[in-house]
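Take a look at the structure below.
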Amino acid sequence: MALLTPEDLENINRQLQEADSTVRRVTGLDIKGVCKDFYGMTPCCEKVGIVPVTSGNGIIGNFSGSLHVITEYFGFDSFVTAMPDVSGYYEAVRNGARIILMADDNTFLAHNLKNGKIANNQPCTGRIYAEIASRYLKADSKDVLVVGLGKVGFPGAAHLVNKGFRVYGYDSDKALLEKTVSDLGITLFEPENPRKFSIIFEATPCADTVPEFVISENCVISTPGIPCAISRELQEKYGVELVMEPLGIGTASMLYSVL
Ligand code: NAD
Ligand code: 2YJ
Ligand code: MG
């Protein structure tokens, strides 16, 4: 399980603004607009309590602070509790939180205490990055390459299948790849038969996972995976629209999904 670092989260407001301009160029909507369309909901100043969690590897510098910036950016009224863990949860509820956000090393959840809805970051992140990719205004076909079919990639790929896209899947874990291809009824992408895509969705914890031979001119790579799926050199060479941001887009997807 890859953990975020404080460095990944530096200048989260600027990272969000940059991601928002890219999402606007790619889809014609900003991140809020995509979330609203996708989930059919709009926030109405729901109070969000962010609870730092000390278990496992402990508190990540900038994590709760970034969630505070992100929630306010998307129109929620939020606060970080002074206390962590169970005391923090108690504090959040006592101070009027309607949605709780908290994460340990394995699970990052949003829980709406009013309607009981609960969301997990991984599928929510996969679905929203896949949704953004699927809305690419300049896509040349409904063919999508998905690289990485784990906890984030699998639900993203399933979402693209449900939307009627022709999904080509690739994962370096051959057994997982074959099982997923069969479970989702997608096409196994074989690097021995190279071709180019105008829509690519990547969700791996590795760098440079999208090879040059699949990248078409002005394609979109929608990727929550950290570190980056392609080099800056390839991004510039092919005019790639890169949708990549470390925490905010996935968190927005979680929050909208529990409204
Ligand atoms: P996971 O371990 O469940 O899945 C990753 C998959 O990628 C695995 O199936 C693995 O076999 C595959 N893989 C690894 N290297 C590969 C390569 N070179 N080529 C093809 N496939 C490869 O991880 P996950 O929970 O799905 O997370 C994926 C990434 O997304 C991580 O970097 C995680 O930190 C990141 N993430 C980002 C956000 C965000 O908001 N940006 C949110 C959640 C997760
Ligand atoms: O409260 C804190 O500061 C920490 N307990 C936050 C831990 C954040 N957890 C992760 O980054 C894990 N990878 C789980 C979340 C999966 C989504 N990336
Ligand atoms: Mg994100």
Side-chain angles (χ1 to χ4, degrees), residues 1-9 12 15-16 19 23 31 49-68 70 80-81 83-89 92 100-110 119-130 132 145-158 168-181 183 188-191 200-211 214 221-230 242-255:
M1 166 73 57
L3 283 174
L4 283 167
T5 68
E7 293 71 38
D8 293 329
L9 299 172
I12 195 71
Q15 295 197 58
L16 260 178
V23 171
I31 300 163
I50 299 157
V51 182
V53 172
T54 64
S55 70
N57 286 294
I59 287 179
I60 296 175
N62 290 340
F63 186 76
S64 294
S66 295
L67 290 180
H68 183 54
I70 290 162
V80 179
T81 58
M83 297 298 291
D85 306 326
V86 176
S87 303
Y89 185 94
I100 301 291
L101 274 184
M102 58 186 188
D104 65 11
D105 295 347
N106 297 307
T107 305
F108 172 21
L109 66 80
N120 181 308
N121 176 258
Q122 288 148 340
C124 287
T125 299
R127 280 184 214 114
I128 198 71
Y129 276 84
I132 291 167
L145 174 64
V146 178
V147 179
L149 293 160
K151 293 180 286 297
V152 174
F154 182 94
Y168 292 74
Y170 181 73
D171 196 291
S172 52
D173 178 336
K174 292 282 169 287
L176 178 108
L177 174 60
E178 275 163 24
K179 181 174 177 350
T180 306
V181 160
D183 288 352
L188 194 155
F189 178 71
E190 287 163 317
I200 299 169
F201 163 56
E202 192 266 8
T204 84
C206 299
D208 303 320
T209 52
V210 173
V214 301
I221 302 184
S222 188
T223 173
I226 302 166
C228 190
I230 58 160
L242 188 66
V243 179
M244 186 183 81
E245 183 281 329
L247 188 62
I249 298 177
T251 303
S253 178
M254 295 164 73
L255 289 168

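First listed ligand is number 1; within each ligand, the first listed atom is number 1. All residue numbers refer to positions in the sequence shown, counting from 1. In this text the structure is predicted, and so the values were computed from the model without any measurement.
- Checking side-chain atoms of Asp85 against main-chain N and O of Ser87 turns up no donor-acceptor pair under 3.5 Å.
- In this structure, Met244 falls outside the shell of residues with a heavy atom less than 4.0 angstrom from ligand 1.
- No side-chain heavy atom of Val214 sits under 4.5 Å from any side-chain heavy atom of Tyr168.
- When only interatomic distances are considered, the shortest N/O to N/O separation between Val152 and ligand 1 falls below 3.5 Å.
- Nearest-residue assignment for atom 17 (C) of ligand 2 (options Asn57, Asn121, Asp8; heavy-atom criterion): Asn121.
- Heavy-atom distances between Gly58 and ligand 2 reach below 4.0 Å in at least one pair.
- Rounding to the nearest 0.5 Å gives a distance of 9.5 Å between OG1 of Thr125 and CD of Glu245.
- Under the rule for a ring pair (Phe, Tyr, Trp, His ring centres under 6.0 Å), Tyr170 has no partner lying at least two apart in sequence or in another chain.
- Near Leu4, meaning under 4.0 Å from any of its heavy atoms, are these atoms of ligand 2: 11 (O).
- Closest heavy-atom approach to atom 9 (N) of ligand 2 among the candidates Asp104, Thr107, Ile60: Asp104.
- Using modelled atom types, no side-chain atom of Asp104 and backbone atom of Ser55 make a donor-acceptor pair closer than 3.5 Å.
- Close approach of ligand 1 to Thr209 is summarised as follows: ligand atoms under 4.0 Å from at least one heavy atom of the residue are 17 (C), 18 (N).
- Applying the 4.0 Å criterion to heavy atoms of Phe108 picks out, from ligand 2, the atoms 15 (C).
- Within the 4.0 Å heavy-atom criterion, the part of Leu247 lying near ligand 1 is the backbone and not the side chain.
- With a heavy-atom cut-off of 4.0 Å, Leu176 touches ligand 1 through its side chain alone.
- In terms of polar-atom proximity, defined here as any N/O pair under 3.5 Å, Ala103 does make such a contact with ligand 2.
- Between atom 11 (O) of ligand 1 and the options Asp171, Leu4, Val210, Asp208, the minimum heavy-atom separation is to Asp171.
- No part of Thr54 comes within 4.0 Å of ligand 2, judged by heavy-atom distances.
- In this structure, CZ on Phe154 lies 9.0 Å from CG on Leu176, to the nearest 0.5 angstrom.
- Proximity of Val147 to ligand 1, defined as any heavy-atom pair under 4.0 Å, is confined to the side chain (atoms from C-beta onward).
- Contacts between Val53 and ligand 2, counted as non-hydrogen atom pairs separated by less than 4.0 Å, involve both the backbone and the side chain.
- Heavy atoms from both the backbone and the side chain of Thr204 come within less than 4.0 Å of ligand 1.
- In this structure, SG on Cys228 lies 7.5 Å from CD1 on Ile221, to the nearest 0.5 angstrom.
- A donor-acceptor pair shorter than 3.5 Å cannot be found between the side chains of Asp183 and Thr180.
- Contact atoms of ligand 1 toward Tyr170: 19 (N), 20 (C) (distance under 4.0 Å to a heavy atom of the residue).
- Panel note: side chain Thr204, backbone Gly148; no donor-acceptor pair is recorded below 3.5 Å.
- Residues Leu4 and Ile226 meet the side-chain proximity criterion, which asks for heavy atoms closer than 4.5 Å.
- With Thr81 contributing its side chain and Val51 its backbone, the two residues share no donor-acceptor pair below 3.5 Å.
- Contacts between Cys206 and ligand 1, counted as non-hydrogen atom pairs separated by less than 4.0 Å, involve the side chain only.
- The CD atom of Gln122 sits 9.5 Å away from the CE atom of Met254 when rounded to the nearest 0.5 Å.
- Judged by distance alone, with hydrogens and angles left aside, the side-chain atoms of Glu202 form no donor-acceptor pair with the main-chain N or O of Ile230 at under 3.5 Å.
- Listed by atom number, the atoms of ligand 1 under 4.0 Å from Gln122 heavy atoms are 25 (O).
- Atoms of ligand 1 lying under 4.0 Å from any heavy atom of Pro246, numbered from 1 in the order shown and given with element: 39 (C), 40 (O), 41 (N).
- Remark: ligand 1 and Asn121 share no N or O pair separated by less than 3.5 Å (distance only, no angle test).
- Here Ser172 has heavy atoms under 4.0 Å from ligand 1 in both its backbone and its side chain.
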